[in-house]
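So the structure is just underneath, and the comments pick up after that.
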Amino acid sequence: MLTTKDVAGRIMVALDFASVDAAEKLIAELKGIPCYMKVGMQLFYTAGPSFVAKLKEQGYHVFLDLKMHDIPNTVKGGAESITCLGVDMFNVHAAGGRAMMEGALEGVDKALTGINGAKSPIVIGVTQLTSTSAEVLNQEIGIAGSVEDCVIRYAELTKAAGLHGVVASPLEVTAIKAACGESFISVTPGIRPAGAAMGDQSRVMTPAEAFAQGTDYVVIGRPITAAPSPREAIESIIDSVLVKA
Ligand code: C5P
């Protein structure tokens with residue numbers, strides 16, 4: 001039997017804000033809801049490590065979504081620095097290849113040897129962005145085949161590199177779990193409650209549908225952050241999941 005706390009802990013709120021003030025306003029509105037906080041590049045590049053430290057002091061789980069993609073040695077260094085921030089999860093692009101992803105894990109290990117009792121962050125590979133359609137994949141990026149085939153190939157590569165899971169669309173969760181096993185974590189953006197605007201996302205599902213597919217975490221930004229009442233928006237999302245559970 002799922003509780004409100006179980007569901008909230010699996011909702012990652014995307015703090016896509018231009019300033020610390022705007023992010024803190026939202027955090028204050030959601031006070032008491034034990035959701036996961038996702039800090040992406042817009043906020044991190046302006047707010048920096050001290051903002052992440054503040055979230056950790058407030059007891060939140062933090063996903064640092066910087067989607068690293070560089071040569072293995074540089075990603076190793078980035079992962080070492082990120083691990084020292086004490087985040088619970090971070091990610092790299094699977095398209096960077098196996099050695100790059102292994103570099104991320106080496107960076108984690110290097111950081112952890114210097115911190116007594118520190119917990120290893122969950123390291124996730126980004127497969128294809130949820131804004132990528134088949135047309136973009138084939139005609140712009142130049143990868144032939146379906147989005148799902150590409151996502152599964154990247155998920156298998158991510159698993160082979162030793163990472164803990166992937167970011168993908170909820171539409172691909174069943175196939176990812178079948179290919180990589182139930183314990184391989186799936187983090188799914190591209191979530192739109194019934195009737196919400198698509199924005200720039202193209203492969204979407206409702207929160208309840210995504211959990212029914214077996215996703216471990218849903219990432220939700222604008223349907224919460226741009227709602228007239230973010231608190232009501234997340235509460236109604238939690239209710240919609242509990243009703244279907
Ligand atoms: O506002 P919205 O719900 O579309 O936000 C989705 C969030 O998930 C954004 O922060 C975006 O950067 C992130 N994301 C994504 N697709 C991925 C990986 C992360 O949309 N493949």
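Each residue takes its place number in the sequence, starting with 1. All ligand and atom numbering here is 1-based and tracks the order in the structure.
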Atom pair [atom1] ([X]) and [atom2] ([Y]), whose distance is rounded to the nearest 0.5 Å:
X    : Y    : atom1 : atom2 : result
H164 : L105 : NE2   : CG    : 6.5 Å
M12  : T188 : CE    : OG1   : 9.5 Å
L171 : M205 : CG    : CE    : 4.5 Å
R153 : I143 : CZ    : CD1   : 6.5 Å

Tell me, yes or no, whether the heavy-atom count around K67 atom NZ, taken from other residues, nucleotides or ligands under 6.0 Å, exceeds 12. yes
Relative to the heavy atoms of [X], which atoms of ligand 1 are at a distance of less than 4.0 Å?
X    : answer
R192 : 1 (O), 2 (P), 3 (O), 4 (O)
G221 : 1 (O), 2 (P), 3 (O), 5 (O)
R222 : 1 (O), 2 (P), 3 (O), 4 (O)
L129 : 17 (C), 21 (N)
P223 : 3 (O)
V167 : 17 (C), 18 (C), 21 (N)
K67  : 12 (O), 14 (N), 18 (C), 19 (C)

Which residue and atom name correspond to the protein heavy atom nearest [atom], and how close is it?
atom                    : value
atom 17 (C) of ligand 1 : P189 CG, 3.5 Å
atom 16 (N) of ligand 1 : T130 OG1, 2.8 Å
atom 6 (C) of ligand 1  : Q201 NE2, 3.5 Å
atom 13 (C) of ligand 1 : K38 NZ, 3.7 Å

Sub-4.0 Å heavy-atom contact, G40 with ligand 1: no
Any N or O of D16 that comes nearer than 3.5 Å to an N or O of ligand 1? yes
Within-cut-off N or O pair, V219 and ligand 1, under 3.5 Å: no
Over 60° means perpendicular and under 30° means parallel, so tell me whether Y36 and Y217 are parallel, tilted or perpendicular. perpendicular
Under the 3.5 angstrom rule, does the side chain of [X] hit a backbone N or O of [Y] as a donor-acceptor pair?
X    : Y    : value
D216 : V187 : no
N91  : L66  : yes
N138 : G145 : yes

Residues L242 and V7: closest non-hydrogen pair is CD2-CG2, 3.7 Å
Applying a heavy-atom cut-off of 4.0 Å, say which part of A168 lies close to ligand 1: side chain, backbone, both or neither. neither
